[in-house]
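A short write-up of the structure that comes next.
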Amino acid sequence: MEGVIDADTRDLLSADGALDWCVTEFVRVVDAKLPPRVFLRHCPELATASTRGPLTPSGAPVTLQLLGSDPAALTANAEQAIALGATRLDINFGCPAKLVNRHDGGASLLRTPARVKTVVAAVVAAAAPHGVAVNAKLRLGFDDRRVALACALAAEAGGAKELVVHARTRRDGYRPPAHWEWVARIRAAVSVPVVVNGDIWTLEEYWKACTLSGCRDVMLGRGMLADPWLARRIRHWQLSGERLAATPWSARSEILCHYAARKRERGMPEKVVVSLLKQWLNHMRARDAEAAERFRLLRRETSLAAFLEGLSAPRPEATDSLPA
Ligand SMILES: Cc1cc2nc3c(=O)[nH]c(=O)nc-3n(C[C@H](O)[C@H](O)[C@H](O)COP(=O)(O)O)c2cc1C
């Protein structure tokens with residue numbers, strides 16, 4: 001997730017071994033072959049890639065995501081990524097950002113399914129000779145869902161080995177609900193595996209998304225930031241049929257403190273660390289009353305030491321209600 005999930009976050013969120021794989025932020029391809037440093041910035045795990053490709057320290061494979069629309073540039077950059085050690089590539093057809101869409105990237109390609117096929121085929125042309133699998137990350141369409149099946153079929157025809165479907169159109173943005181039942185239609189139309197994504201914040205939503213889509217696998221986005229135990233919670237239920245206890249505040253604050261320590265070790269200025277912590281806490285407060293209360297108390301804090309103190313201080317007067 002652009003601006004949110006970097007190598008440190010991937011490391012922290014995958015440390016318990018509950019995630020099958022992670023994805024980088026997108027590498028934006030325009031018309032040139034990008035230098036290795038761009039790939040290494042997005043995917044520092046490439047620097048220590050093994051024959052299994054780039055891995056998080058706990059061993060979760062890292063998929064490198066490309067975003068673009070120029071077939072020749074995508075082929076050249078896919079080759080570059082593979083030469084650097086990437087063994088899994090993903091193509092972004094979901095980004096709703098106006099700037100990206102104006103430049104013909106992300107979700108804008110969904111307006112013309114034939115272009116989805118061309119773009120996937122361009123990456124597959126570079127990847128297939130090396131045995132590298134290419135995935136496509138789709139939304140249900142740009143303005144409406146009527147193109148959902150055509151786009152999924154186009155991605156498959158281009159050679160995608162797996163589809164991850166964020167169950168909304170670009171027009172839907174991030175507004176609930178996610179239309180998981182539409183992912184079932186896609187599953188019925190294609191032969192490759194389909195992973196359902198969108199609005200899975202809890203174990204219950206995991207069940208519902210799987211039931212309505214028929215998918216076995218889910219991709220977790222904001223829910224993983226909101227509840228760092230979400231993947232572990234799902235895995236625990238899969239293995240034991242039991243529910244894990246609610247994630248304690250201490251687990252949330254601990255991951256935030258580790259994240260801050262990492263960023264400081266890397267020389268990131270305190271102010272930037274504080275703003276990144278606020279961004280993460282903002283995701284946490286979506287579904288947790290205590291995080292909401294801490295966010296309220298710390299939203300104007302600028303000192304890193306005071307912010308960290310506020311995270312680990314004894315429980316504040318929590319309100320019972322969640323933010324609207
Ligand atoms: C801040 C932010 C950045 C994102 N960046 C990316 C990205 O770089 N690539 C991508 O495929 N999806 C990106 N997404 C979309 C998510 O991967 C996911 O599809 C979407 O948030 C819905 O899933 P969720 O409800 O579990 O978050 C981003 C979402 C957010 C909120």
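Index from 1, following the sequence. The structure displayed is predicted, hence computed values, not measured ones. First listed ligand is number 1; within each ligand, the first listed atom is number 1.
Taking a cutoff of 4.0 Å between a charged side-chain nitrogen and a carboxylate oxygen, Asp16 and Arg233 do not qualify as a salt bridge. Salt-bridge check for Asp11 with Arg262: passed, with a basic side-chain N closer than 4.0 Å to an acidic carboxylate O. Ion pairing between Glu290 and Arg252 fails under the 4.0 Å rule for side-chain N and carboxylate O. With respect to Glu25 and Arg41, no salt bridge is recorded, no charged nitrogen being found less than 4.0 Å from a carboxylate O. Salt bridge annotation for Asp6-Lys263: present, with a cationic side-chain nitrogen under 4.0 angstrom from a carboxylate oxygen.
Residue Gly198 has at least one heavy-atom neighbour below 4.0 Å for each of these atoms of ligand 1: 22 (C), 23 (O), 25 (O). Which parts of ligand 1 touch Asn92 is read off a 4.0 Å heavy-atom cut-off, strictly below it: atoms 7 (C), 9 (N), 10 (C), 11 (O). Every atom of ligand 1 with a heavy atom of Asp199 under 4.0 Å away is listed here by number and element: 24 (P), 25 (O), 26 (O).
Under 4.0 Å from ligand 1, the heavy atoms of Tyr174 that appear belong solely to its side chain.
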Go through the steps for Glu205 and Lys208 under the test salt bridge (Lys or Arg N to Asp or Glu O under 4.0 Å), then give the verdict.
CA-CA 5 Å; Glu205 283 157 338; Lys208 202 167 167 198; over 6 Å; no
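For ligand 1, none of its N or O atoms has an N or O atom of Glu25 under 3.5 Å away.
Shown are Thr63, Ile91, Leu66; of these, the side-chain contact (heavy atoms from CB on, under 4.5 Å) with Val134 is made only by Ile91.
For atom 12 (N) of ligand 1, the nearest non-hydrogen atom from the set Lys137, Glu2, Met1 belongs to Lys137. Which of His166, Arg139, Met219 comes nearest to atom 20 (C) of ligand 1 through a heavy atom is settled by distance: it is His166.
Protein heavy atom at the shortest distance from atom 9 (N) of ligand 1 is Gln65 OE1, 2.7 Å. Nearest protein heavy-atom neighbour of atom 18 (C) of ligand 1: Asn197 OD1, 3.3 Å. Looking at atom 26 (O) of ligand 1, its nearest protein heavy atom turns out to be Gly221 N, 3.0 Å. Scanning the protein heavy atoms around atom 1 (C) of ligand 1, the nearest turns out to be Val4 CG2, 3.6 Å.
Phe142 and Leu67 fall into different hydrophobic clusters, where Ile, Leu, Val, Met, Phe, Trp and Tyr residues are linked whenever their side-chain heavy atoms come under 4.5 Å apart, directly or through other members.
Look at Gly3 and you'll find every heavy atom at least 4.0 Å from all atoms of ligand 1.
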